[in-house]
Amino acid sequence: MTLPLRQLSPFCWEIPRRGGMRVPGRVYVTEAQLAALSADRALEQVAAVAHLPGIVGASLAMPDIHWGYGFPIGGVAAVDAEGGAVSPGGVGYDINCGCRVITTQLPVDEVRRNTHAIVSRLFATIPTGMGAGSAIPKLSRRELRELMAQGADWAVARGYRAGADDATHCEEGGRLQGAEPEWVSDRALARGADQVGTLGSGNHFLELQHVAEIYDPEAAAAFGLRTGEITLMIHSGSRGLGHQVCDETLHELSRVYERFGADYAALPDRQLACAPIGSELGTRYLGAMQAAANFAWANRQVMTGLAVRAVAEAMGLAEPELGARVLYDVCHNIAKFEEHQVDGQPRRVLVHRKGATRAFGPGDPRVPEAYRAVGQPVLIPGDMGRYSFVLAGNASAMTETFGSSCHGAGRLLSRTAALKHARGRDIERELASRGIEVLARGPRTLGEEMSEAYKDVEDVVDVIAGAGISRKVAKLVPLGVIKG
DNA sequence: ATGTTC
């Protein structure tokens, strides 16, 4: 199927409304990226999402768009908070998968000669890989429920912290309102009980980086980013607990969603299964999803405490000597109630961001005060062999994308294709020759995750910057990385 | 992404 596309700007294309689409689609890509997209079904998914009950504005896609379950990865869909539908496929399996940057005052030159010791200590401290558990003592169901009610604060209160303002430097303060831990099943609790403070596998990572380049000195100063200083980046989510919440809801929803009304029955893809926000099932999913999101924040917060301690020990320093603090923490797999302008009127909407990052512009009260003048920090992880970016949200994100930006590089090769390319090579040694020390549980992840398997994240970020949605603030280059 | 097919 070929979709008719209308070019709106050098970086933006519209899929006009037709059939059951309630709104148009809008895709932020260059012409070259658009040509590459014809190979997968992601654009059809953008059009399919436009059928979602209650969707407003447009069905959006960021430049790192690729095919996903129901919604494309890189998709953004806002639905009316009253009459709209919530769709687990618009959040993804890894609820509140997200990214965090911790800044330090350590100079890269001092740290580089200790890279091996630091990466080894990080790898020994933070469990990585599928099924890895026991970073901290296993939690009881009661403790887990407390954790899911409190989010990042749960971990801060137990001493897992970088600085004094870690939680307030998270999107939503590291805790979504409305979380209902009671609606998270026993099975999900069992999976999460020993996974707090664990990294996971796939594209999840913890990186030791340095600030290699500053593009926007004013925003960099506000964010505490200084050239030549060390940062840590954590990319992880809600592990087996969030996965279980998504899985259970999808199973339940697939049997009943068509009964919610003609709009639901007419959805073009069963993977878009959704429920009215106010329905019993919609309410239960939202409460459990918000609880799982808070689990993810606690998870990244515990890893923050463990990582700061590990770096200090490896450097032979006291923790305060690192000058570490959380710059910011964003979720890129989530559905959140937010107020946005729709057709010039303020409206409460549920914004699904599935592989998309919140990117609020300057002056927004929902951005921490220290950053408010320059806009929200937008954290964009790249691949393990190149670099990552810190951006700042622009005002136009608020009018164009419900305050949303891209979330990463996006895959170029499938996992299978990447492994084929990696055959006979020593990825670990290749990275070492470029000054990047990597420790992973197995060789397979390294093959699947090698640089060539990903697009250049700078190409993605440049589209976002070209479209005016966010602007580049700093480039972060890895010295070392731990993986699953 | 995921005790990688309850």
Side-chain angles (χ1 to χ4, degrees), chain A residues 42 45 64-75 87-100 126-135 138-139 144 184-206 234-255 271 285 288-289 292-293 295-297 299-300 303 330-335 352-357 381 383-384 407-411 413-419 440-449 453-454 482-484:
Chain A
Q45 291 190 311
D64 45 342
I65 176 177
H66 54 281
W67 187 90
Y69 181 93
F71 284 55
I73 317 289
S87 177
V91 173
Y93 273 91
D94 191 2
I95 294 166
N96 190 3
C97 182
C99 189
R100 164 180 296 217
I126 295 169
T128 70
M130 177 81 76
S134 60
K138 188 171 174 170
L139 301 178
L144 269 173
V184 174
S185 71
D186 283 348
R187 196 154 155 207
L189 294 177
R191 290 182 70 172
D194 66 345
Q195 293 186 322
V196 177
T198 67
L199 190 67
S201 68
N203 63 3
H204 288 170
F205 65 78
L206 189 153
I234 298 171
H235 179 216
S236 183
S238 52
R239 309 287 284 104
L241 184 141
H243 189 276
Q244 189 66 28
V245 168
C246 179
D247 203 41
E248 287 169 9
T249 309
L250 284 173
H251 273 105
E252 203 175 344
L253 210 45
S254 70
R255 293 194 301 271
Q271 293 187 352
Y285 171 66
M289 184 268 287
F295 178 94
W297 269 311
N299 184 33
R300 292 196 287 274
M303 280 189 274
V330 287
C331 40
H332 51 229
N333 275 17
I334 198 77
H352 297 74
R353 295 194 182 93
K354 203 258 190 88
T357 309
D383 64 81
M384 64 182 173
H407 89 305
R411 272 198 171 273
L413 303 174
S414 71
R415 293 187 181 280
T416 326
L419 281 176
R441 242 187 169 190
R444 195 169 141 183
T445 304
L446 289 184
E448 290 176 349
E449 292 294 311
Y454 284 91
I482 67 169
K483 295 280 297 178

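Computed from heavy atoms alone, side chains included, the values below leave out hydrogens, waters and symmetry copies. Residue numbering restarts at 1 for every chain, and letters A, B, ... go by the order of the sequence lines.
Of the side-chain N and O atoms in A:Asn203, one or more sit less than 4.0 angstrom from OP1 or OP2 of B:dA1. Residue A:Ser201 places no side-chain N or O under 4.0 Å from the OP1 or OP2 atom of B:dA1. One finds no side-chain N or O of A:Arg239 lying less than 4.0 angstrom from the OP1 or OP2 phosphate oxygen of B:dA1.
Contact annotation: the side chain of A:His251 approaches that of A:Asp247 to within less than 4.5 Å [non-hydrogen atoms, C-beta and beyond]. Using a 4.5 Å heavy-atom threshold, the side chains of A:Tyr454 and A:Glu449 count as touching. Looking at heavy atoms from C-beta onward, A:Leu446 lies in side-chain contact with A:Met384 at the 4.5 angstrom threshold. By the 4.5 Å heavy-atom criterion applied to side chains, A:His407 and A:Val330 are not counted as neighbours. In this structure, the side chains of A:Leu250 and A:Tyr93 come closer than 4.5 Å at one or more pairs of heavy atoms.
Rounded to whole Å, atom P of B:dA1 lies 17 Å from atom CD1 of A:Ile234. Taking atom CG of A:Leu250 as the reference point, atom C1' of B:dT5 lies 16 Å away to the nearest angstrom. Across the protein-nucleic acid pair, A:Arg300 atom CZ and B:dA1 atom P stand 14 Å apart, rounded to whole Å. Rounded to whole Å, atom C1' of B:dT2 lies 9 Å from atom OH of A:Tyr93. The CD atom of A:Glu448 sits 10 Å away from the C1' atom of B:dT4 (whole-angstrom rounding). Atom-to-atom, NE2 of A:His243 to P of B:dT5 comes out at 9 Å; the value is rounded to the nearest Å. One atom, CD of A:Glu248, and another, C1' of B:dT2, lie 13 Å apart when rounded to the nearest Å. We find that CG of A:Asp94 is positioned 5 Å from C1' of B:dA1, with the value rounded to whole Å.
As judged by a 4.0 angstrom heavy-atom cut-off over every strand, A:Gly240 is placed among residues touching the sugar-phosphate backbone only. Contact annotation for A:Gly92: no contact, since no heavy-atom pair falls under 4.0 Å across all strands.
Residue A:Met130 places its side chain closer to B:dT2 than to any other of B:dC6, B:dA1, B:dT2. The A:Arg415 side chain lies nearest to B:dA1 when the options are B:dT2, B:dA1, B:dT4.
Where A:Asp247 and A:Arg411 meet DNA chain B, the nucleotide closest to each residue was compared, and A:Arg411 sits on the side nearer the 5' end.
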